[in-house]
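Take a look at the structure below.
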Amino acid sequence: MKEIRVRFAPSPTGYLHIGGARTALFNWYFARQNKGKFVLRIEDTDTERLKEDSVSQILTSMKWLGMDWDEGPEVGGEYGPYYQSQRMELYKKEALRLVQEGKAYYCFCTAEELQAERDQQKKTGKNFRYSGKCSSISLEEAQKRLAQGEKAVIRFRLPRKGEVKVKDLIRKQVSFSLDQLDDFIIMKSNGMPAYNFACVVDDNAMAISHVIRAEEHLSNTPKQVLLYEALGYNLPEFAHLSMILAPDRSKLSKRHGATSVEEFREQGYLASALVNYLTLLGWSPGGDQELVSVEETIQNFELTKVSKNAAIYDTKKLTWMNGQYLTSENIREIVDQTLPFMVERGVITGQQATDDYGEITKIIDAVRERVKTLVEIVDASEYFFKEITSYQEKGVRKYFSKPGVDELLEKGRKALTEVEDFTVEETENAYRRLIDELEIKGGAIIHPTRLALTGRTVSPGLFDIMALLGKERCLKRLNQAIEYIK
RNA sequence: GGCCCUAUGGUCAAGUGGUCUAAGACGCCGCCCUCUCACGGCGGAAACAGGGGUUCGAGUCCCCUUAGGGCUACCA
């Protein structure tokens, strides 16, 4: 059987977009499931739109999501180089071959001329298609003009009439009528290959067996199929993934909030949750399972079951998933990922992160069950690291303004003073005894105490907090609250 | 405008001619658990875009309309 080889071919014009991430992910699943190769190719032929750090950003995001590639930047491979800008010889060679065979020709039309032609056709209500003005220029003449320094592009000569049928694994067969197409450009005047051409040449040269990419490329596929034919290449299998849309059904853009993997990371989302979410956006294991591991997906993934309709991403569900992973994942993993956020936000210092690792782990473990993101962990555990400087207003109104709370807290403080072994159990015992003695409801003292210890009305179990805070700090904060109330 | 793709609740989706008076999840609402919040449990509101066919029978097949998206660049 032929080896399965798939590729993800981002263009380095910015961060890794979640749509791109999902495309990469599906390619990766497919490769891993079939024990094939996942190759990464950088399509950097648009010199205008190149962004400096883009490649490393994309690689970083992919790694963070847990993907690895068998060939591509950083790892190399026998089909390299993996940057299109370094494969110019090949494109040139293949383009020239087409020119020699009469399947392509030089075109000397300028951008202005083309624009004029376009406007003209628009006026008469026609679709724009290149007139083919230069198609009759003989190769000799073209070469002469080239030698004189004239700029030219190379256009593909549409070989036939009729239609092109594209076989797509997700959409079955799609037909395109050839009279929609014109003699499109395969080599730009700056010597760079145009997308459709470079893509075909590379997919062939890299022995790609399955082209799995976004739906926006479906309409380009007939051109590519024609190119495969003209170049004498074997056709790969195609699979076009539907797009991911913004909540208003428009194309995802910056104004829709986070759209890049990096942004989600910065907002405190876990890679596992994002991967899970993206996986289910367009693919379903079939049943009612929502939490799927990467291993399971590799096992069960089926291209033919990828949904055909565009999906709108919903951060609410992502957030829910994140909460799920936050509590179920190994605590060490969570701690290691939370630490940078804590340091960055000044809750702890880098030194503390290593010195108090054990202590911090306990705190995060206590807090993680009730928050949804890593950023929220930081916020929810702040009072373990910093002194209380204010009390939530709502809490003050509800608990601190009741007559006699200060005395109540004082009694609580006393009870705690006598606790030797400051554990969850012992502190709770002390408080329960007091509650019985005073014949009050637990909440009557628990709530104000929580506010005193944390400054907030929401927290983990009170006695967990006491144990974590330790006797000294508890007593001090109780005193501080009593003073505040007075 | 032309061509192409798509169309099940607000969102993701199961469903591949009869078992659909349509699953599950997120979100929303109510209740329970409870020291708060979260988790968890229970319950609820909420969908086959519209119209024609085909068929004994259609969410499932075909056509049209509508809507959304994509392509239509010397962007990828």
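Values below: all heavy atoms of this structure, side chains included; hydrogens, waters and symmetry mates excluded.
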For nucleotides 12-15 of chain B, list the nitrogen or oxygen atoms of the protein found under 3.5 Å from its nitrogen or oxygen atoms, one pair per line.
unit_1 : atom_1 : unit_2   : atom_2 : d
B:C12  : OP1    : A:Ile312 : N      : 3.1
B:C12  : O2'    : A:Leu280 : O      : 3.1
B:C12  : O2     : A:Lys317 : NZ     : 3.3
B:A13  : OP1    : A:Gly282 : N      : 2.8
B:A13  : OP1    : A:Ser307 : OG     : 3.3
B:A14  : O2'    : A:Gly286 : O      : 3.2

[atom1] spacing across the pair [N] / [M], given as an integer number of angstrom:
N: B:C35; M: B:U8; atom1: P; answer: 46 Å
N: B:C28; M: B:C39; atom1: P; answer: 10 Å
N: B:A49; M: B:A13; atom1: P; answer: 15 Å
N: B:G15; M: B:C29; atom1: P; answer: 31 Å
N: B:U11; M: B:A7; atom1: P; answer: 14 Å
N: B:C32; M: B:C48; atom1: P; answer: 34 Å
N: B:A23; M: B:G44; atom1: P; answer: 11 Å
N: B:A58; M: B:G18; atom1: P; answer: 12 Å

Report the distance from atom [atom1] of [X] to atom [atom2] of [N], rounded to the nearest whole Å.
X: A:Leu245; N: B:C5; atom1: CG; atom2: C1'; answer: 12 Å
X: A:Arg450; N: B:A38; atom1: CZ; atom2: P; answer: 12 Å
X: A:Gln289; N: B:C26; atom1: CD; atom2: P; answer: 14 Å
X: A:Lys441; N: B:U34; atom1: NZ; atom2: C1'; answer: 12 Å
X: A:Tyr325; N: B:C39; atom1: OH; atom2: P; answer: 17 Å
X: A:Met321; N: B:C39; atom1: CE; atom2: P; answer: 15 Å
X: A:Ile465; N: B:C37; atom1: CD1; atom2: C1'; answer: 11 Å
X: A:Asp464; N: B:U34; atom1: CG; atom2: C1'; answer: 14 Å

With respect to the side chain of A:Lys316, which nucleotide from B:A38, B:C26, B:C37 is positioned closest? B:C26

Side-chain N or O of A:Lys308 versus OP1/OP2 of B:U8: is the shortest distance under 4.0 Å? no

Find the partner of [N]: check Watson-Crick (N1-N3 plus N6-O4 or O6-N4) and G-U wobble (N1-O2, O6-N3) distances, both under 3.5 Å, and reply none if neither fits.
N: B:C37; result: none
N: B:G1; result: B:U72
N: B:A67; result: B:U6
N: B:G30; result: B:C42
N: B:U54; result: none

For [X] and [Y], which I'm curious about, is there any donor-acceptor pair between the side chains at under 3.5 Å?
X: A:Tyr277; Y: A:Asn322; value: no
X: A:Thr373; Y: A:Gln267; value: no
X: A:Gln180; Y: A:Ser177; value: no

Atom CD of A:Glu393: over 12 foreign heavy atoms under 6.0 Å: no

A:Glu150 CD: over 12 foreign heavy atoms closer than 6.0 Å: yes

Any side-chain heavy atom of A:Leu274 sitting closer than 4.5 Å to one from A:Met321? no

Are side-chain heavy atoms of A:Met187 and A:Val153 found at a separation under 4.5 Å? no

Classify [X] by what it touches in the nucleic acid, base, sugar-phosphate, or nothing, heavy-atom distance under 4.0 Å.
X: A:Lys372; answer: sugar-phosphate
X: A:Pro222; answer: nothing
X: A:Ser175; answer: sugar-phosphate

Taking the basic N atoms (NZ, or NE/NH1/NH2) and the acidic carboxylate oxygens, is any pair closer than 4.0 Å for A:Lys411 and A:Glu407? no

Could you check whether A:Glu376 pairs with A:Arg370 (Lys NZ or Arg NE/NH1/NH2 to Asp/Glu carboxylate O, under 4.0 Å)? no

Per-nucleotide protein contact string for nucleotides 70-76 of chain B (B base, S sugar-phosphate only, - none; heavy atom under 4.0 Å): BS-SBBB

Can you confirm whether or not the ring centre of A:His217 sits under 6.0 Å from the ring centre of A:Tyr195? yes

Which of A:Leu280, A:Asn276, A:Thr279, A:Val275 passes side chain to side chain contact (heavy atoms under 4.5 Å, CB included) with A:Thr297? Answer is A:Thr279

Donor/acceptor link under 3.5 angstrom from A:Arg370 side chain onto base of B:C39: no

